[in-house]
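For clarity, every value in this text was computed on a predicted model and none was experimentally measured. Letters A, B, ... mirror the listed sequences (proteins, then strands); counts begin at 1. Both backbone and side-chain heavy atoms feed into the values below; hydrogens, waters and symmetry mates do not.
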Amino acid sequence: MNVLSYSINTLKGLYDISGVEVGQHFYWQVGGFQIHGQVLITSWVVIAILLGSAALAVRSPQTIPTSGQNFFEYVLEFIRDVSKTQIGEEYRPWVPFIGTMFLFIFVSNWSGALLPWKIIQLPHGELAAPTNDINTTVALALLTSVAYFYAGLTKRGLGYFGKYIQPTPILLPINILEDFTKPLSLSFRLFGNILADELVVVVLVSLVPLVVPIPVMFLGLFTSGIQALIFATLAAAYIGESMEGHH
Amino acid sequence: MKNVTDSCVFLVHWPSAGSFGFNTDILATNLINLSVVFGVLIFFGKGVLSDLLDNRKQRILNTIRNSEELRGKAIEQLEKARARLKKVEMEADQFRINGYSEIEREKMNLINSTYKTLEQLENYKNETINFEQQKAINEVRQQVFQQALQGALGTLNSCLNNELHLRTINANIGMFGAMNEITD
C-alpha cells in the first residue's frame, strides 16, 4: 500500500512535467454551441498584436519612412507581389484578403511558437497557437473557398460553371471533387504542420527540457512561416485561377 | 485500492488545480528555451531586417532625389523655352510694326525701277525705230543717187561727142590749174 501510494505520488510528480494536453479544450457555452475558448483567447491576442502594431506604425506617415512604417510598407509590398504574381492584372481588390490570411496565420503561428503561453494556466486545455485547432484552419480554408467562388462568379457570371468541363467533359467529376479537396487540403496542411510541431516541441521538452528542443523550435518557426506563405499563395492562386478563364 | 486507482483516474482527467493561475515551473513553461530562441532570432534577424529596410529606404531616397532633379531640369527647360518665346514674339511685333512701312518702301522702289526700265526700253525702241528709218531713208537716197547718177551717166554717154568731150577736158584742166594756183 505504501509502495503503491509512493509510486502514485511519483507518477503524479512526473505527470506534472509531462502533461501533454491534446484534445483537451477550454469550453465556453455560447447559445447552443460549445466553443473552444482557448482558441478564441489566443486569436484575440493575435488580432490585438496585428492591429496595435499597424496602428502604431502608421501614426504619422512620412514620405521618407521611419523604421516601423518602412517595415510595414515592406510587408505590404511583399504581399502585393505575391498577389500580383498569382492573380495577375486585377490583383488590387484581393490584396487585403490575401494580406489578412498571410498576416493572421503568420503571426498566430509565430506567437504560438515564441510567446510563453504556458505561463497562464487554464482550467482545461492550454493556450497555444490558434491555428493548432482544426476549426480555425477549416474556417480559413472555407473563407478561401468562398472567396474564389465569389471571384469567379463576379468575373464571369454563370459562365464560371463552364470551367468544370474544361478541358474535356470527362474531367467533370475530378473538377467537382477539386472544389472539396481544395479547402480540405488547405485546412489539413496548416493544422497538421502547426499541431505536429507543437507536439514535437512539447514531447521533447518533457523528455529533455533544456537544450535539445531548440533546433526543433527553430525548425518550427521556419515551417510555420512557410506554411503561412503557402496558404496565402495558394489562396491567391485559386482566386487567380477562377478569374482567368479562357478569354 | 479501488479508491486509489479511482483518484488516479480522476487525476488523469483533471490534471491541475482546475482553475486559472500561473504556472511557475520554469521547465514546463519552456521559458529558457524560448528565451534562447528569441535571443538568437533577434540577434540574426535584426541584422538581416535592418539591411533590407535600409536598402529600401535608400532606394526611396534615391528615387525621390532623381525625380526632384528631373523636375528641376524640366522647370529650367520650361523657363528657357518661355524666354525664347518672348524674344521671338517681340521680334515678330517689331517686324509687324516696321514691316509694313518697309513693305511699302519696297513696293515703291520696285515700281520706280520698273518704270525706269520701261522708259529705257521705250528709248531703245524709239532709237531703233529712228535708226531703221534713217537706214531706210539712206538706202533709198543711195538708190536714188545711184539711179540719178546712172541716168546722168547714160545721158552724158548718149549725148557726149568728141567736141563736147574736148571742151569738158579743157574746162577741167583750167579748173585744176586754178585750184593749184590757189593752194600755192
Around [X], counting heavy atoms of other residues, nucleotides and ligands shown, do more than 12 lie under 6.0 Å from its [atom1]?
X        : atom1 : result
A:Phe71  : CZ    : no
B:Lys57  : NZ    : yes
B:Asn162 : CG    : no
A:Phe72  : CZ    : yes
B:Glu79  : CD    : yes
B:Glu132 : CD    : yes

key: CH2 on A:Trp110 to CG on B:Leu41, rounded to 0.5 Å   =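 Reported value, rounded in 0.5 Å steps: 5.0 Å.
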message = Under the criterion side chain to side chain contact (heavy atoms under 4.5 Å, CB included), I'd like the reasoning laid out for B:Val36 against A:Val211: C-alpha separation, chi angles, the key distance, then a yes or no.
response = CA-CA 9 Å; B:Val36 170; A:Val211 174; over 6 Å; no
inquiry  = Looking at every heavy atom in both A:Asn70 and B:Leu53, which two are closest together, and how far apart are they?
reply    =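 Looks like ND2-O, 2.9 Å.
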task = Write down the atom of B:Leu34, the atom of A:Ala113, and the distance for their closest heavy-atom approach.
result =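 Looking at all heavy atoms of both residues, the closest pair is CD2-O, 3.2 Å.
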query = Non-hydrogen atoms of chain A under 4.5 Å away: do they reach the side chain of B:Ile60, the backbone, both or neither?
reply =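 It is the side chain, since no backbone atom gets that close.
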query = For A:Leu221, is it the side chain, the backbone, both, or neither that has a heavy atom closer than 4.5 Å to a heavy atom of chain B?
reply =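 Contact with chain B: side chain only.
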query = Which atoms of A:Glu73 come close to chain B, meaning under 4.5 Å heavy atom to heavy atom: side chain ones, backbone ones, both, or neither?
reply =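 Looking at A:Glu73, backbone and side chain both touch chain B.
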